[in-house]
There are 2 protein chains.
Amino acid sequence: MKDRSSPTPIVCTVDVVLLTLRESVLQVLLLRREQAPFEGAWALPGGFVHADEDADTEASAARVLQSKVGIASPYLEQLATFSGLARDPRGWSIAVTYCALVSHDALQAALAANIEGSVQSQSPSRARSHLQLFDVAALPQLPFDHARIVEAAVARVRGKSLYSSLPVFLCGPEFTLPQLQQTYEAVLGEAVNKVSFRRKMDELDMLEAVPGAVRGGAAHRPAQLYRLRPEYRRSLSLLARGL
Amino acid sequence: MKDRSSPTPIVCTVDVVLLTLRESVLQVLLLRREQAPFEGAWALPGGFVHADEDADTEASAARVLQSKVGIASPYLEQLATFSGLARDPRGWSIAVTYCALVSHDALQAALAANIEGSVQSQSPSRARSHLQLFDVAALPQLPFDHARIVEAAVARVRGKSLYSSLPVFLCGPEFTLPQLQQTYEAVLGEAVNKVSFRRKMDELDMLEAVPGAVRGGAAHRPAQLYRLRPEYRRSLSLLARGL
DNA sequence: ACAATAGTGTCTGTTAGACACTATGCC
DNA sequence: GGCATAGTGTCTAACAGACACTATTGT
């Protein structure tokens, strides 16, 4: 029984599935690859694990997000690890994948800062045109096993949304209940009962009304703005009986 | 921006949390380490990923289970990946962890075959005394971050048991409904309603009665034996509304 | 006043659990 | 027959969804 480290080198990478909601459609951020293999193809933002600078693979994922997208996602969850000889032409590889959820506004702001910053400084180095959102139901051909990874991320997000507060991370810091409900509906892909939804949100005791703030401007009654209570900013709230 | 593989080598391992139920108590199989680091300590069965022989890390986990425990678990699920500099004194490491569920009978049979086989052949090489079950609530001091890994496995199994057929993998191939209910109760740590439980199992339509077979022998009415329908032997059945 | 959406009160069908009952083996 | 557990029928409380109603803005 050998006990040495494997002689065949193993490529260790992280890949990040950054999801956001644009006009009630779940979208994933892809990056045009600038290097071989698959140069020029749209792929998940990812990179090698840097053992000399990353505390762990979550730090690698955060570094990748910061350097390639210019954003620090408030929600970053480990998804799964994909491995094997077949997935990467460079050899036997391990990809630890993460799922990031970001509001569309925050993402657009980061991308805008990104393109400006790349004029003045050298980092982040990619222009906005190398980053693009794609509807998760209409992806281009993806290299490696990135299609499976996106699929796993979407399935995870859908599943968790059934019994947790996860979709709030797709909204901005303040949002109305109708907005949040639309977010749930977009993620789940089905309509949600308004009365039940509000009962659940009330039970969860996870939101607080922003005093006196409403979102108006339209020709109808304005809606109360809510935000996450501080204790739920970084962790999920779970429902006992789902939805 | 460097794009080469990290210069610092990364140790890639798999660790398996093998859980079973003994007298309604959830137990984890630990192995006494024969090599440094932590020689002599109880630890999760694990080993290096062998890029030259394993198709992927799940195959690595299956190989580790087979070679160190002498069992092929019918249920083997990826748990999470633990990584970083601090967890292993040998350096920056990645541990892809798996959770295996096995009936106590199957495990005992494997361990018995293991000890016999180790007399005649060279593989599996470990005697039974190097493998021992521990109550998950009363673990010895574990090396690396194995305590966290076991904790994650138990939490995952508890969580999934609330809304899936997962606990059936802790029973043998045939079992009675009261047995299965006890299994759920042991995993969840709380009593479940008999009528509701049977309604759910009926809805799931996942079990089939073994014709004419009952488990008797006691001074009371014998119970009907059931087994998993073939289509659910390797996949979970999910409940819409939990428990 | 009207349109349009926010937010609530209430009714009803469904579901989960409590309880009690019957069923069937062994002694 | 007695005992112990298997298995079921049924009542009730809790819950989720449907619907209708009121509330509040801009035009």
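Keep in mind that this is a model prediction, so the values were computed, not measured. Worth knowing before you read on, the calculation uses all heavy atoms, side chains too, and leaves out hydrogens, waters and symmetry mates. Chain naming here is simple, since letters A, B, ... match the order of the sequence lines and numbering starts at 1 in each.
- Here D:dA6 presents its P atom at 16 Å from CG of B:L207, a figure rounded to the nearest Å.
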Which atom pairs, one a donor and one an acceptor, fall under 3.5 Å between side chains of residues 201-208 of chain B and the rest of the protein, sequence neighbours left out?
residue : atom : partner : partner atom : Å
B:D205  : OD1  : B:R229  : NH2          : 3.3
B:E208  : OE2  : B:R227  : NE           : 3.0

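- Between B:V28 and B:V17 the shortest heavy-atom distance is CG2-CG1, 3.8 Å.
- Of the residues in residues 173-182 of chain A, A:P178 come within less than 4.0 Å of DNA chain C through at least one heavy atom, sorted by number.
- Rounded to an integer number of Å, the gap from A:Q224 CD to D:dA23 P is 18 Å.
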Can you give me the N/O atom pairs linking the protein to nucleotides 19-25 of chain C at distances under 3.5 Å, or say none if there are none?
residue : atom : partner : partner atom : Å
C:dA23  : O4'  : B:R221  : NH1          : 3.4
C:dA23  : N3   : B:R221  : NH1          : 3.2
C:dT24  : O2   : B:R221  : N            : 3.2
C:dG25  : N2   : B:A219  : O            : 2.5
C:dG25  : N2   : B:H220  : N            : 3.4

Residue pair A:L18, A:I71: steps toward the side-chain contact (heavy atoms from CB on, under 4.5 Å) verdict = CA-CA 10 Å; A:L18 188 151; A:I71 201 169; 4.1 Å; yes
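- For the pair B:L204 CG and C:dT15 P, the interatomic distance rounds to 14 Å; values are reported in whole Å.
- Five base pairs at each end of the helix from C:dA1-D:dT27 to C:dC27-D:dG1 define two local axes, and these are offset by 10° (rounded to 10°).
- For the pair A:Y184 and A:S164, the tightest heavy-atom approach, listed with the atom from each and the gap, is OH-O, 2.8 Å.
- Both A:K200 and B:Y226 sit near DNA chain D, but only B:Y226 has its closest nucleotide nearer the 5' end.
- Per the geometry, CG belonging to A:L225 stands 12 Å off P belonging to C:dA6, to the nearest Å.
- A donor-acceptor pair shorter than 3.5 Å cannot be found between the side chains of B:S73 and B:Y98.
- What separates CZ of B:F197 from P of C:dT15 is a distance of 19 Å, to the nearest Å.
- Here D:dG17 presents its P atom at 14 Å from OH of A:Y184, a figure rounded to the nearest Å.
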Under 3.5 Å, which donor-acceptor pairs link side chains of residues 165-177 of chain A to any protein atom two or more places apart or in another chain?
residue : atom : partner : partner atom : Å
A:S165  : OG   : A:S237  : N            : 2.9
A:T176  : OG1  : A:Q179  : N            : 3.2

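- Contact between B:G46 and B:K68 at its shortest, heavy atoms only, is O-NZ, 2.8 Å.
- With hydrogens and angles ignored, a donor-acceptor pair closer than 3.5 Å exists between the side chain of A:R199 and the base of D:dA16.
- The backbone N or O of A:V192 sits less than 3.5 Å from a side-chain atom of A:Q181, completing a donor-acceptor pair.
- Computed from coordinates, the A:R198 CZ to C:dG9 P distance equals 12 Å when rounded to whole Å.
- Atom CZ in A:R215 sits about 11 Å away from atom P in C:dA6, given to the nearest Å.
- Between B:P45 and B:L29 the shortest heavy-atom distance is CD-O, 3.5 Å.
- Taking each heavy atom of A:R22 and A:L133 in turn, the nearest pair found is NH2-O, 4.2 Å.
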For residues 151-159 of chain B, tabulate all N or O donor-acceptor pairs below 3.5 Å that involve a side-chain atom, not counting sequence neighbours.
residue : atom : partner : partner atom : Å
B:R156  : NH1  : B:E77   : OE2          : 2.8
B:R156  : NH1  : B:Q78   : O            : 3.4
B:R156  : NH2  : B:L79   : O            : 2.6
B:R158  : NE   : B:V187  : O            : 2.5

